[in-house]
Amino acid sequence: MKRIFLLAICVILLSIGHGFATPPITPAWAFRHVVWEDSLNTTEGAMGIVNGYLEHNIPVGSVIIDSPWSTSYNDFNWDRKRYAEPGKMVGYFKDRNVKVILWLSGAVNYKCKDTALDKSATYDEAVAKNYGINGSRLGRWWKGEGIHIDFTNPDAKDWWYRQLDKVFIDGVYGWKVDQGEFWFGDTIDTSAGKMSNEEFRPYYYDAMYDYTVRKNPSGIIIARPYSHQGGYAASVGKLNMGWCGDFSGDWSGLKLQIDNIYRSAEKGYGSLACEVGGFFQARSSKIQLIRYAQFGCMTAAMINGGENGAFSNHLPWWHDKETEGIYRKCVVLHEELVPYLFSSSVDANINGGSILKDVDFEAESHMLGNALFTKAITSDNGEVEYRLPADSEWVDCWSGQILAGGSKIRHDYPIGEFPLYVRRGAVIPIEVSEGSFWCAGCPVDKSLRSFVIYPAGKVSEKFHLPKGEGTEYDDYTVSFDSSSGALTVDCPAKEKINIVIKGIENVRKVENATSWNYNRNNRELTILAEGKNIRVGVAQ
């Protein structure tokens, strides 16, 4: 019996090591709006794309510097004709609290496409020391000809890390880790022996993740989870922002991306982002860009940029004021959810699974965390049919209407709206922004912890909220009893807390609050309270 028990334990441990790892916690900053361009590939291009959004009052959290930024792939020497003063550029973004993410792949080239030099300055050394897969023989990939670094070889990996050190400076927070390995054969030779391409991939992506979080615990890699361009790539346990690949900007591109994201969620990848407007091929129309953005704001991050019109159709104001306003609202809606998304990421790290839940391929719908339900609109026609999850009542975020679980909905959504519901009884931690989607009457003070409650009987939720922009967090518990009016918030230390209670009738007074305001028209109560163990009474 003892032998059987030990054998069972071994089987469980082996299972955990082969595909059942939980995803890492995604740093809080990484959930914010990401922009980039792949047209100019210069300092002026990078600064122009960021400044364009900021000048139109659309928040930006990070910018991707895409290829080609180096003199050759991947020598990690800045091309000074394109980026004359890279340190100064990074500092410019840092002053605006915009994180920099650099593109790379795992290949070192002998012949290059689109770079100043054909041959990497590090190519001869890598070949001489046999740091490449397949015996360091030349291979052709989509950026030219070169060798792919053998990340099963500890010496090759350490050498690669020394190359990364040249550019991983203060203000650079991570890497867009692109495919390269995919092009070097279905079966490849490594220092660990012959293996399939699929078996090799985690060595590459894991090495990039390990380096990044060791050098900067708040750093990330953006890499493929599942992609139609080659299947599964990065490891579930070492990918803190998933990006599924290259899509067109039309309806077929959006539908394919939804498929890729949902496959990744089913596999257990934690934070999955949307490439808004696609990357190449067909450009988005006004309606397509808006519907792309609406779906994207209900994923882990909105990543907007590409070669299919980065300075034209990708820019919401390029279309018209209406598009600009709707896009801004999507970004604000999403960025106000950063505390909620972060807490969901911690839950995924503890329990496994994705922050995108209950994905439905046919309906193109999913839960974002445990409280929000959405459905994508993937055609010019805003009239869609879908069914709400059956396990609770739901509050329509646009009308405030309460609907029964399992309700079949048929609705024609105007261009500025899309299916979005909150579970009745949910509490959502938010970061209130100017033009707030979640609380029009709240003070715009990002230093305040804010919670929105959709009451239904007794509600109690525990959240893991970020201490800053990284992965450290504190736990908060929020409870509300709609019958007695008892509201409690347990904090790790004494602080001011902003609480919003939606859909509440006839508030007469609020006890033990620093201040409060009741909007009778919106049936919305806003409370400011202070303490470590806050105890407030709401009288109706």
Side-chain angles (χ1 to χ4, degrees), residues 22-35 58-64 93-94 96-101 170-176 209 212-213 215-222 238-243 269-274 296-303 330-351 354-356 368-372 427-434 436-438 444-452 461-476 478 491-493 495 497-498:
T22 63
I25 299 171
T26 301
W29 70 265
F31 292 108
R32 302 187 186 279
H33 188 210
V34 186
V35 303
I58 299 174
V60 175
S62 58
V63 58
I64 298 172
F93 290 131
K94 183 181 177 182
R96 288 150 182 79
N97 199 25
V98 175
K99 311 297 192 281
V100 172
I101 299 166
D170 184 31
V172 176
Y173 274 74
W175 314 88
K176 179 183 176 182
Y209 174 84
T212 301
V213 298
K215 294 282 287 188
N216 181 355
S218 297
I220 67 167
I221 65 168
I222 298 175
K238 294 191 175 183
L239 178 61
N240 43 18
M241 187 59 72
W243 148 79
Y269 291 95
S271 296
L272 299 165
C274 175
C297 76
M298 289 290 105
T299 65
M302 302 169 68
I303 304 178
C330 287
V331 174
V332 169
L333 184 163
H334 179 86
E335 297 217 346
E336 287 193 297
L337 289 175
V338 165
Y340 173 76
L341 295 169
F342 178 89
S343 184
S344 299
S345 174
V346 177
D347 283 336
N349 174 255
I350 295 169
N351 302 309
S354 178
I355 69 173
L356 272 69
L368 183 62
N370 295 318
L372 298 172
V427 180
I428 302 178
I430 64 168
E431 177 186 282
V432 180
S433 300
E434 183 182 348
S436 175
F437 179 88
W438 298 99
V444 181
D445 183 351
K446 294 189 177 183
S447 68
L448 280 177
R449 298 286 188 190
S450 297
F451 299 90
V452 181
E461 296 274 0
K462 180 179 179 179
F463 299 100
H464 320 287
L465 301 184
K467 286 186 174 182
E469 295 186 315
T471 58
E472 294 185 349
Y473 62 90
D474 285 319
D475 286 340
Y476 293 71
V478 180
C491 312
E495 62 180 299
I497 301 290
N498 185 55

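As the structure is a computational prediction, the values presented were derived from the model and not from experiment.
Distance CH2/W175 to CD1/I101: 11.0 Å, rounded to 0.5 Å. With values rounded to the nearest 0.5 angstrom, E335 atom CD is found 12.5 Å from S436 atom OG. Here CG of N240 is found 10.5 Å from CD1 of I25. Values are rounded to the nearest 0.5 Å. Rounding to the nearest 0.5 Å gives a distance of 5.0 Å between CG of L465 and CZ of R449. Taking OG of S450 as the start and CD1 of I497 as the end, the distance is 8.0 Å to the nearest 0.5 Å. The CZ atom of F463 sits 11.0 Å away from the CG atom of D475 when rounded to the nearest 0.5 Å.
Under the 30°/60° scheme for interplanar angles, the aromatic rings of Y173 and W29 are found to stand perpendicular. Taking the six-membered ring where the residue is Trp, F31 and F342 present perpendicular rings, their angle passing 60° and hence far from 30°.
Counting heavy atoms from C-beta outward, Y269 and S354 have side chains that stay 4.5 Å or more apart. Contact check for N498 versus D445: no side-chain heavy atoms found under the 4.5 Å cut-off. Between V63 and V100, the closest side-chain pair of non-hydrogen atoms falls below 4.5 Å.
For the residue pair P27 and G219, the shortest heavy atom distance occurs at CG-O, 4.0 Å. Across all their heavy atoms, C274 and T299 have their closest contact at N-OG1, 3.5 Å. Scanning both residues, M241 and A273, for their nearest heavy atoms gives SD-CB, 3.8 Å. P466 and P339 make their closest contact through CD-CA, 4.4 Å (heavy atoms, listed as atom of the first residue, atom of the second, distance). What you find for P23 and A348 is that their closest heavy atoms are CD-O, 3.5 Å. Contact between I428 and L337 at its shortest, heavy atoms only, is CG2-CD2, 3.8 Å.
In this structure, W438 has no ring pair (Phe, Tyr, Trp, His ring centres under 6.0 Å) partners at least two apart in sequence or on a different chain. Looking at residues two or more places apart in sequence or on another chain, you find no side-chain hydrogen bond (donor to acceptor under 3.5 Å, both in side chains) involving S343. Scored by the salt bridge (Lys or Arg N to Asp or Glu O under 4.0 Å) test, E431 finds R32, K446 as partners (sequence neighbours excluded). Legend: residues meeting salt bridge (Lys or Arg N to Asp or Glu O under 4.0 Å) with D474, ordered by chain and number and at least two apart, are K467. With sequence neighbours left out, N349 forms a side-chain hydrogen bond (donor to acceptor under 3.5 Å, both in side chains) with no residue at all. For D170, the side chain to side chain contact (heavy atoms under 4.5 Å, CB included) partners are K94, not counting sequence neighbours. Contacts of E469 classified as salt bridge (Lys or Arg N to Asp or Glu O under 4.0 Å), with partners at least two apart in sequence or in another chain: K99. V332 meets the side chain to side chain contact (heavy atoms under 4.5 Å, CB included) test with R328, E336, S433; sequence neighbours excluded. Annotation: side chain to side chain contact (heavy atoms under 4.5 Å, CB included) contacts of S344 (sequence neighbours excluded): Y340, I355. Scanning for side-chain hydrogen bond (donor to acceptor under 3.5 Å, both in side chains) contacts around H334 gives an empty result, with sequence neighbours left out. With sequence neighbours excluded, the residues that form a side chain to side chain contact (heavy atoms under 4.5 Å, CB included) with V34 are S62, I64, I303. Contacts of T471 classified as side-chain hydrogen bond (donor to acceptor under 3.5 Å, both in side chains), with partners at least two apart in sequence or in another chain: none.
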Q. Can you list the steps and then say if W243 with K176 is a side chain to side chain contact (heavy atoms under 4.5 Å, CB included)?
A. CA-CA 9 Å; W243 148 79; K176 179 183 176 182; 3.6 Å; yes
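Listed for the H464 side chain is no donor-acceptor partner under 3.5 Å among the backbone atoms of Y473. Formation of a donor-acceptor pair under 3.5 Å by the T26 side chain with backbone atoms of S345 is not found in this model.
For the side-chain contact (heavy atoms from CB on, under 4.5 Å) criterion with T212, the lone passing option out of I220, V172, I221 is I221.
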